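Everything quoted here is computed from the prediction, not taken from an experiment. Atoms within a ligand are numbered from 1 in the order they appear, just like the ligands themselves.
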Amino acid sequence: MSGDIGASRGMFLEEPLIFEQDTPGRCGVDLPEPEPFDDRLGGARRQGAIGLPDLSEPAVVRHYTRLSQKNFGIDTVFYPLGSCTMKHNPRLGEKMARLPGLSDIHPFQPESTVQGALELIDLTAHWLKTLTGMPAIVMSPAAGAHGEFCGLMTIRTALEDRGERRTRVLVPESAHGTNPASAAACGFAVDAIPATAEGRVDLAALKAKLGLDVAAVMLTNPNTCGLFERDILEIAEAIHAVGGYFYCDGANYNAIVGRVRIVDLGIDVMHINLHKTFSTPHGGGGPGAGPTVLSAALAPFAPLPAVVHDDKGFRLIEHAAGSGAKPCGRIKGYHGQFGVFVRALSYMMSMGADGLRQASSDAVLNANYLLAELSDELSPSFAGPCMHEALFDDRFLKDSGVTTLDFAKALIDEGFHPMTMYFPLVVHGALLMEPTETEGKNTLDQFIAVVRDLARRAKAGESEAFKAAPVHTPRRRLDETAAARTPILRWRPVEA
Ligand SMILES: *Cc1c(COP(=O)(O)O)cnc(C)c1O
């Protein structure tokens, strides 16, 4: 709570919607009046005004520039949002994605005119298969959650092919909310597996729930507590012994890329969040991409399309007829999130295999540095070392009158994006911090000093100040529930 921060008050000026800044007659261009002409619209021509606001060019430039500066983003601040892997987005990836040959093509173009784009999808797939050691991949899922859906639909189809209708999917209590949601969306009943006091899956409880009606176990590794599931081989063996499949949520892949081969863990299917691990800009709902790697046994049931390569070049397989495959269908229009593939491939190729391995090691080192430096002031939920994120709970705030939410809001005033709050659900008032490998020691030290200072102030009884935070933002505390439940998405002119 830095008192007078001396920042320009310009950021606090109210920014009306661009429609509210309408000043009839203002214009950024000077075009001649068109000559009268006959249109061929058969009477469908608009009669009234088009309804766009009139503004000068400088007014438009200021509006959008100011809006962009009100955003809290990875390019301006440290963004330790746990589970989200908010790493630096290299400008190289942006430059590649804007190359006209990659950005100005259309999915309906004849294959012969987009051989390079198909090769790019194939090469991205090749890197992901090589890194994970998995033999097959589906490139079309548009996000991690969509990859979960893809994986579970593939599993369901494989089971149906065996003539089995299995109804249950086991999901640990600490799982990301998309895991049970995906299982339910695919028609399975979700059965929760408790965690041990060490923050890992309770193996005995998991084994007790296994049976011939279990379609799959969904596990995140490293898990959402930032810990490696040490029993993973035994879990794989146990689910396979009852004929079920092992799904891995690969959102935390950044901790183990280049160090662990997914195939060696006994996993049958895993989605990869390209926008997290392989650094493409995300947040605010997209864009993302969730390519999903598969075992050879599941591959024939995966959704189409797929890119293949033969002596005639690259081709898209869009129908299974005659191939012997029994795809579960199609889960997305076109061929995947192409712009994200361009960025992810640029990232992988510029880092190289050695660079990716170094990145995962540095991510884990950074998280352990936070854990070590904050453990005496905050309350770490589990004994370290951790993987790429550090989990604390709210015991250090006990009787202070300050909640995890207040603590996160106070951090905004100090110039940092808050950590993830209240997730995972297995600890009380969770604070999940993920520094990623792209933060240097000086940034981490700054953050650590601020968090330690805030923790001391909370314990010293400054709860009033915490309740008021954030004070240095254009908006203070928002009614996030109302914003989500009854969003106002459309501007309507005020009736005169
Ligand atoms: C981000 C995340 C997901 C969902 O991925 P999206 O790309 O946001 O759909 C699933 N599981 C975990 C653990 C995650 O962190």
Side-chain angles (χ1 to χ4, degrees), residues 74 79-87 89 128 138-153 169 171-186 190 192-193 195 199-201 216-229 232 247-257 262 267 269-293 331-332 336-337 339-341 343-344 360 363 367 386-391 417 419-427 430-436:
I74 188 71
Y79 208 129
L81 195 62
S83 222
C84 293
T85 311
M86 304 302 283
K87 58 171 78 179
N89 305 124
L128 298 174
V138 187
M139 293 299 285
S140 54
H146 203 202
E148 294 168 23
F149 182 78
C150 163
L152 290 169
M153 284 302 283
V169 168
V171 183
E173 275 175 349
S174 64
H176 193 265
T178 51
N179 289 192
S182 298
C186 291
V190 177
I193 320 165
R200 293 185 172 83
V201 165
V217 170
M218 286 184 96
L219 195 76
T220 310
N221 198 23
N223 68 23
T224 59
C225 301
L227 304 171
F228 194 84
E229 294 284 359
I232 190 154
Y247 187 96
C248 183
D249 177 330
N252 292 339
Y253 190 37
N254 200 47
I256 55 175
V257 176
I262 299 308
I267 287 161
V269 44
M270 180 180 94
H271 75 260
I272 300 168
N273 305 60
L274 289 189
H275 44 295
K276 295 179 181 173
T277 308
F278 298 105
S279 192
T280 74
H282 66 289
T292 301
V293 288
I331 58 164
K332 190 182 182 309
Q337 302 279 70
V340 178
F341 300 160
R343 292 171 175 89
S360 55
C386 59
M387 296 298 287
H388 68 313
E389 44 196 0
L391 178 62
H417 192 284
M419 66 294 279
T420 287
M421 308 178 282
Y422 302 103
F423 173 80
L425 303 176
V426 288
V427 302
L431 300 91
L432 182 65
M433 302 179 189
E434 179 180 0
T436 89

**OP:** First locate atom CD1 of Ile272, then atom CE of Met139, and finally report the distance between them rounded to the nearest 0.5 Å.
**Re:** 8.5 Å
Subject >> Closest heavy-atom pair and its distance - Gly199, Asn223 >> reply: O-ND2, 2.9 Å
**OP:** For a side chain to side chain contact (heavy atoms under 4.5 Å, CB included) with Leu219, tell me which candidate from Val171, Ile232, Asn179, Asp249 qualifies.
**Re:** Ile232
**OP:** Please work out whether the ring planes of Tyr247 and His271 are parallel, tilted or perpendicular, with thresholds of 30° and 60°.
**Re:** tilted
**OP:** Would you please write out the protein residues whose heavy atoms approach any atom of ligand 1 to under 4.0 angstrom, listed by chain and number?
**Re:** Ser83, Ala143, Gly144, Ala145, Glu148, His176, Thr178, Asp249, Ala251, Asn273, His275, Lys276
Subject >> Partner set under side-chain contact (heavy atoms from CB on, under 4.5 Å) for Ala289, not counting sequence neighbours >> reply: Leu274, Pro291, Gln337, Val340, Phe341
**OP:** Evaluate side chain to side chain contact (heavy atoms under 4.5 Å, CB included) for His146 paired with Ile331, printing each intermediate quantity in order.
**Re:** CA-CA 8 Å; His146 203 202; Ile331 58 164; 3.9 Å; yes
